[in-house]
Number of protein chains: 2
Amino acid sequence: MAEGVPARGGLRERKKKATRAALAEAAVRLAAEHGVENVTVDAICAAAGVSTRTFFNYFDSRDEVFVMIGADSGALVCDDVLAAPAGRAPLDVLREALAAELEEVEQQHETWRLHAEVLGSNPQLLARTLGAHMADELLLAEALAERVGAGSPLFTEDRPAHGSPQEQERRRALPLYPRLLAAVGGTAVRIAVEHWCVRQGETPFAEVFRETFEQLAAGLPEPPRPPDA
Amino acid sequence: MAEGVPARGGLRERKKKATRAALAEAAVRLAAEHGVENVTVDAICAAAGVSTRTFFNYFDSRDEVFVMIGADSGALVCDDVLAAPAGRAPLDVLREALAAELEEVEQQHETWRLHAEVLGSNPQLLARTLGAHMADELLLAEALAERVGAGSPLFTEDRPAHGSPQEQERRRALPLYPRLLAAVGGTAVRIAVEHWCVRQGETPFAEVFRETFEQLAAGLPEPPRPPDA
DNA sequence: ACGCAAAAATGCATGGCCTGCAAAAATTGA
DNA sequence: TCAATTTTTGCAGGCCATGCATTTTTGCGT
């Protein structure tokens, strides 16, 4: 089959992506069939046609193959936050940055639904997901801090290596507001996605998302109409 | 040392408690000394004087021995939410319910500080702790839904067994507002605790907690003063 | 085409985590 | 003391995860 696109990077890079995708796909498929807990790394590798050892060249743990959501989306959100025009409300900036990143969610409905189901019925996996998520959360908190701080170069010098323990410790010491904003924003996204998934997309995701952040911006007041419908 | 209290229950029951405590104590002590990741179950058991197999009669996993905090606090918060006088803003109800629970916990300051230190240096464990509290989030969402719904006995009949998969699935289908409120509330608590721990309690926890929920109630506006102090 | 160097995949050994099962030890109550 | 119940323990086995050495694949200059 002639490649229409040279697919930047050589065959090497493409194969890596393919292998990773094959592993993830096989994992999700087997999980849907036998339940997440009954899917071994060996089974995934057999289905994907690679050795067991290779699996751990792509994922740090068995659970990670089930998470795999928005691997690098966190950095993109941070970029959007930092690139936003000054003077806007931080929550709005965050909302729009997240919205841009979540635009494609609707198309991967099935994937997200499956993941929500899996995570919901599996505390252990949820823990892993949250663990992965929290690194992003701290990154986001830092971006928000830089945006809000406007004049707090407290931490702009002598940065340790990216992702190092010191870096993480430093981020944990960020002011309360950006930490809270980042964490609550991430939580809001999670709830919006879960809510939308459970409802099987009977409402456009964009609307659920909008309503969620409206609630946040309004200070979580009692909802206008009781859900008696 | 003569037991001041007859320790209701026979020697059997006392021994179980003692063993559990010994395991937890040994685990925390070894973790403080060598780092959480370098503490094996075997080492904990050797220090506690029991067999490795026995460990798993007391804890479902290695990590659980490090968590073990506020096991049933979730239910108490739910009770407080349901018992709150009608007419109050849901966010206020939630805040006070959480505050009541956290107040009781703050008396065990030293225990918390030690655990916070351990958890703080170990995101994976923290994530696991959060995962354990995830069930609480859905429970809390349900309590908030009952309180807000005011007249939605949709689910008050034919309840499946508590904690069953159906129960959990049903809770996930709760309306957006209580889900969001429960999740955001839990997140706010987490951020408040983390912030307070990192600052080594230089500010009373109650104040951090108050400020956090003030931010939430105000819709997360840009903070009044940049944290340049 | 060819061959070399870099990168990736693999096999193997090792160690930790966790579970079921059955035997041994301890506790309880009569 | 004796029998019943509960707890502890050893052991086998399976899965997860990592390090190391080896083999295979890919990229690229010649």
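Treat the numbers as computed from the prediction; the structure is a model and nothing was measured. Numbered from 1 within each chain, the chains take letters A, B, ... in sequence-line order.
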To the nearest angstrom, the OH-C1' distance between A:Tyr58 and C:dA8 comes to 7 Å
B:Leu23 atom CG is separated from C:dC18 atom P, nearest whole Å, by 14 Å
Here the distance between atom P of D:dG14 and atom CD of A:Glu37, to the nearest Å, is 18 Å
CD of B:Glu194 to CG of A:Leu176, rounded to nearest 0.5 Å, is 11.0 Å
Validation: residues 180-189 of chain B side-chain donor-acceptor distances under 3.5 Å, sequence neighbours left out:
unit_1	atom_1	unit_2	atom_2	d
B:Thr187	OG1	A:Thr187	OG1	2.6
B:Thr187	OG1	B:Ala183	O	3.0

* Asked: Does A:Arg147 use its side chain to pair, donor to acceptor, with the backbone of A:Pro90 at less than 3.5 Å?
  -> no
Of C:dC18, D:dC16, D:dT9, the nucleotide closest to the side chain of B:Ser51 is D:dT9
Under a 4.0 Å heavy-atom cutoff, the residues of residues 42-49 of chain B touching DNA chain D are none
* Asked: Is the charged tip of B:Arg20 near the ring of B:Phe59: under 6.0 Å from the six-membered ring centre and within 45° of its axis?
  -> yes
Problem set entry | Contact under 4.0 Å: A:Thr54 side-chain N or O vs C:dT10 OP1/OP2 | yes
Which of D:dT8, C:dG16, C:dG20 is nearest the side chain of B:Arg53? It is C:dG20
Problem - OP1 or OP2 of C:dA26 under 4.0 Å from side-chain N/O of B:Lys15 - result: no
All heavy atoms of A:Tyr177 vs all of B:Leu220, minimum pair found to be OH-O, 2.9 Å
Among the nucleotides C:dC21, D:dT8, C:dG16, whichever has the atom closest to the side chain of B:Asn57 is D:dT8
What one should report as the nearest heavy-atom pair of B:Ala141 and B:Pro178 is O-CB, 3.4 Å
To the nearest angstrom, the CD-C1' distance between B:Glu13 and C:dT28 comes to 13 Å
Side-chain contact check for B:Thr19: nearest option of D:dT8, D:dT18, C:dG16 is D:dT8
Rounded to whole Å, the CZ-P distance (A:Phe56 to D:dC16) equals 7 Å
Rounded to whole Å, NZ of A:Lys16 lies from P of C:dA6 at a distance of 17 Å
A:Phe66 atom CZ is separated from D:dC16 atom C1', nearest whole Å, by 13 Å
One should read off an interatomic distance between B:Leu94 CG and B:Leu144 CG, to the nearest 0.5 angstrom, of 5.5 Å
Taken to the nearest whole Å, CZ/B:Arg62 to P/C:dT19 is 14 Å
A:Val50 has its side chain closest, among C:dA8, C:dT10, D:dT9, to C:dT10
